[in-house]
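Report on the following structure.
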2 protein chains.
Amino acid sequence: MDQFKSKVTIDQVAKAAGVAKSTVSRIINNAPGVKPATKMRVSKIIEEMGFTPNLMARSLKTNLRKQIALAINDIRNPYYPELAWAAEQVAKQHGYRLVLINHYGNPSDELAVVREANDMHVDGIIMLPLSKPKTLMAEVKKASVPVCLIGVYEEDIPADSVALTRSEGVLAMEHLIRIGRQRIAYVGRHYQQFRPRSRFSVYQKALESSFLKRDPAHVFLGPTASIQTGLEAAHYFYSLKDKDNLPDAVFTDNDMTAIGLIQGLLNLGVRVPEDIAVVGVDDINWCTLITPKLTSVSSLSTEMGRIAVELLLKRIETGPETEFRRVELEPRLIVRESSVKQL
Amino acid sequence: MDQFKSKVTIDQVAKAAGVAKSTVSRIINNAPGVKPATKMRVSKIIEEMGFTPNLMARSLKTNLRKQIALAINDIRNPYYPELAWAAEQVAKQHGYRLVLINHYGNPSDELAVVREANDMHVDGIIMLPLSKPKTLMAEVKKASVPVCLIGVYEEDIPADSVALTRSEGVLAMEHLIRIGRQRIAYVGRHYQQFRPRSRFSVYQKALESSFLKRDPAHVFLGPTASIQTGLEAAHYFYSLKDKDNLPDAVFTDNDMTAIGLIQGLLNLGVRVPEDIAVVGVDDINWCTLITPKLTSVSSLSTEMGRIAVELLLKRIETGPETEFRRVELEPRLIVRESSVKQL
DNA sequence: CTGTTAGCGCCTTCAT
DNA sequence: ATGAAGGCGCTAACAG
């Protein structure tokens with residue numbers, strides 16, 4: 001194992017160049033106070049020897065890793081790559097690396113993620129939390145570095161955050177009601193506890209305030225934000241005994257599930273949107289690539305990712321002194337074929 | 001910045017427990033030779049103080065990071081998340097963490113990736129290289145840790161590898177020819193240099209050996225494996241002056257581009273597969289979610305990811321002594337609606 | 001069984 | 001402008 005070309009150290013360079021390590025250190029860090037001549041000479045040797053500083057040794061000393069963690073649910077849901085991509089662009093621009101930490105939906109793992117991030121000694125953490133507020137609070141407090149939250153409504157958590165001005169559910173439900181749907185179902189993930197402004201809570205409230213029937217049979221909760229959950233939901237609705245009570249619309253937690261749901265419905269001979277209109281959340285790229293194209297509420301993944309990194313980097317610089325910032329974005333409904341036949 | 005809850009160190013624990021740090025070290029590493037009583041007592045203190053070892057300090061010492069890098073092209077192409085997911089499962093099982101490094105297609109960046117991985121002091125690197133053989137060789141040799149290659153045919157590179165027994169192109173072209181297509185086009189990425197067994201080379205050879213016309217106008221090369229490239233290809237073919245010479249089939253480098261291509265063709269009123277049959281490569285999940293469902297040659301992303309990690313971990317253990325291993329998988333053609341109307 | 005010591009590779013005063 | 005020395009947090013001999 002040690003026969004692999006071992007990394008050259010700053011000492012070796014110093015020795016080879018006949019200078020002290022501190023001089024080499026100054027050079028690789030562009031520190032002032034090195035005679036141009038020696039700088040040039042040593043730089044050449046550095047180049048020749050292929051020396052690159054051991055980042056871990058460096059950060060052990062400086063306590064700076066130039067690295068931020070992005071805790072996500074499942075990399076296989078395109079929503080996260082889209083967000084991560086945008087976040088990475090900004091991070092890179094500032095000389096930071098973005099490290100993804102997957103916690104496949106198990107909300108109890110969110111705490112593990114924080115611990116992991118602590119251990120890795122990243123400079124900051126971006127989270128898209130699923131936990132209930134109390135747990136989340138504990139998580140954030142356990143973090144030994146700044147945290148930036150995405151998509152969280154609670155206001156009293158010691159972290160910067162980016163969120164929407166209102167739940168995606170509001171736009172989705174408004175839309176379905178406006179186009180005259182009467183029996184609107186809900187398909188989504190099962191949370192430990194639904195936040196007051198969660199998509200599901202909003203769904204329930206919207207039904208009430210428009211005097212639509214709230215039928216427990218019209219709610220299907222799966223374990224993950226996946227195609228699979230959508231397929232299962234389709235079979236579930238189809239298996240309802242009371243065929244007259246089939247939903248005529250479904251508001252879906254997320255686009256992946258919505259896409260699975262549509263797939264499942266079509267397989268069962270249900271027409272979308274004629275028989276059942278479907279609205280998702282996230283507006284992932286694939287919305288326009290399936291048939292029918294999926295109506296969705298954009299949760300602004302790329303903007304969120306970008307802003308989260310910006311907030312976090314600012315916080316890393318300024319420290320916890322300044323007041324926590326909260327950026328709010330306006331969600332957008334994008335109407336496509338899965339909810340209205342003719343646009 | 002330093003007002004954030006600072007991490008507690010092994011010294012603090014040792015002091016608080018009234019033992020030497022080495023004892024604490026032995027305990028957190030489950031090393032033998034600690035009296036159960038003290039172990040119990042100190043463990044409790046560790047728990048109370050919330051101590052977790054600084055992984056960077058540890059690896060500075062042990063030269064082991066329990067971390068492997070996966071160098072990928074673009075996280076937004078679902079092929080990579082699928083592969084990364086599988087790789088991560090195996091890595092986690094062995095106590096390793098998987099770190100993704102994106103090098104958005106710029107093949108010259110592949111070298112940068114190796115350097116980056118070196119700097120990060122990961123224990124090994126998995127690559128899906130795009131570079132031409134000579135460059136690739138240089139890259140692998142620059143690595144200071146074991147490398148495992150995915151999808152490379154060259155045999156003389158000092159690295160373990162997982163690859164297919166034959167190019168995906170063989171299966172794709174066989175299929176298109178068998179179903180009687182005469183004017184088969186190619187859409188793909190532009191490489192610095194096409195390897196002999198690359199998809200494009202195989203495409204050309206297949207045309208020759210079946211005495212089909214090789215028309216330069218039937219080749220469209222884009223910069224990336226993206227939807228966008230597919231859309232552009234569709235417009236390109238449509239804009240050909242010689243309408244009688246439109247292709248009746250397209251072999252596409254990758255599924256993303258194939259999906260974009262189909263989308264573009266449908267928008268232009270071209271029927272798929274009646275007018276143009278389309279075959280992709282990778283067999284990403286989305287193949288079955290679009291309409292028409294995409295015929296594709298599976299490049300076995302999850303198996304590749306899994307095996308690559310296994311090979312790499314074995315190599316990390318054994319070192320460079322043992323001969324480099326090469327695992328070969330049989331590619332599979334999955335026929336769907338984009339190439340034949342009735343299955 | 002437990003403590004002492006000596007670095008891992010780097011940065012950072014403090015001298016020179 | 002450069003060198004010498006100390007230490008970041010941890011592990012790994014070597015003593016006791």
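Since the structure is predicted, the reported quantities are computational estimates derived from the model, not experimental observations. Within every chain, numbering begins at 1; the chains are lettered A, B, ... in the order of the sequence lines, protein sequences first and strands thereafter.
Comparing atom distances between the A:Lys61 side chain and each of D:dG6, D:dT11, D:dG9 picks out D:dG6 as nearest. Across D:dG3, D:dA13, C:dC10, the shortest atom-to-atom separation from the side chain of A:Ser22 is found for D:dG3.
Comment: B:Glu328 engages B:Arg326 in a salt bridge, judged by a side-chain N to carboxylate O separation of less than 4.0 angstrom.
At whole-Å resolution of the value, CZ in A:Arg58 and C1' in C:dC8 are 16 Å apart. Taking atom CG of residue A:Leu64 and atom P of nucleotide D:dC8, one finds them 17 Å apart after rounding to whole Å. Summarising the geometry, the separation between NZ on A:Lys15 and P on C:dC10 is reported as 13 Å, rounded to the nearest angstrom. If you measure from atom CZ of B:Arg65 to atom P of D:dT11, you get 14 Å, rounded to the nearest angstrom. Straight-line distance from the CG atom of A:Leu55 to the C1' atom of C:dC10: 11 Å, rounded to whole Å. Here D:dC10 presents its P atom at 12 Å from CG of A:Asn63, a figure rounded to the nearest Å. For the pair A:Lys66 NZ and C:dC10 P, the interatomic distance rounds to 18 Å; values are reported in whole Å. Protein atom CE of B:Met120 is 17 Å distant from nucleotide atom P of C:dC10, rounded to whole Å.
Although no hydrogens or angles enter the test, the distance criterion places no donor-acceptor pair under 3.5 Å between the side chain of A:His121 and the main chain of A:Asn63. In this structure, the side chain of A:Asp160 does not engage the main chain of A:Phe324 through any donor-acceptor pair within 3.5 Å. The backbone N or O of B:Leu130 lies less than 3.5 Å from a partner atom in the side chain of B:Glu110, making a donor-acceptor pair.
When the nearest nucleotides of DNA chain C are assigned to B:Ala20 and B:His121 by heavy-atom distance, the more 5′-ward of the two goes with B:Ala20. Of the residues near DNA chain C, A:Thr62 and B:Leu60, the one whose nearest nucleotide (by heavy atom distance) lies more toward the 5' end is B:Leu60.
Side chains of A:Arg58 and A:Asn29: a donor on one and an acceptor on the other come within 3.5 Å. For A:Lys39 and A:Thr23, the side-chain atoms include no donor-acceptor pair closer than 3.5 Å. With 3.5 Å as the limit, one finds no donor-acceptor pair spanning the side chains of B:Arg65 and B:Ser59.
Looking at residues 23-44 of chain B, you'll see B:Ser25, B:Arg26, B:Ile28, B:Asn29 sit with a heavy atom under 4.0 Å from some atom of DNA chain D.
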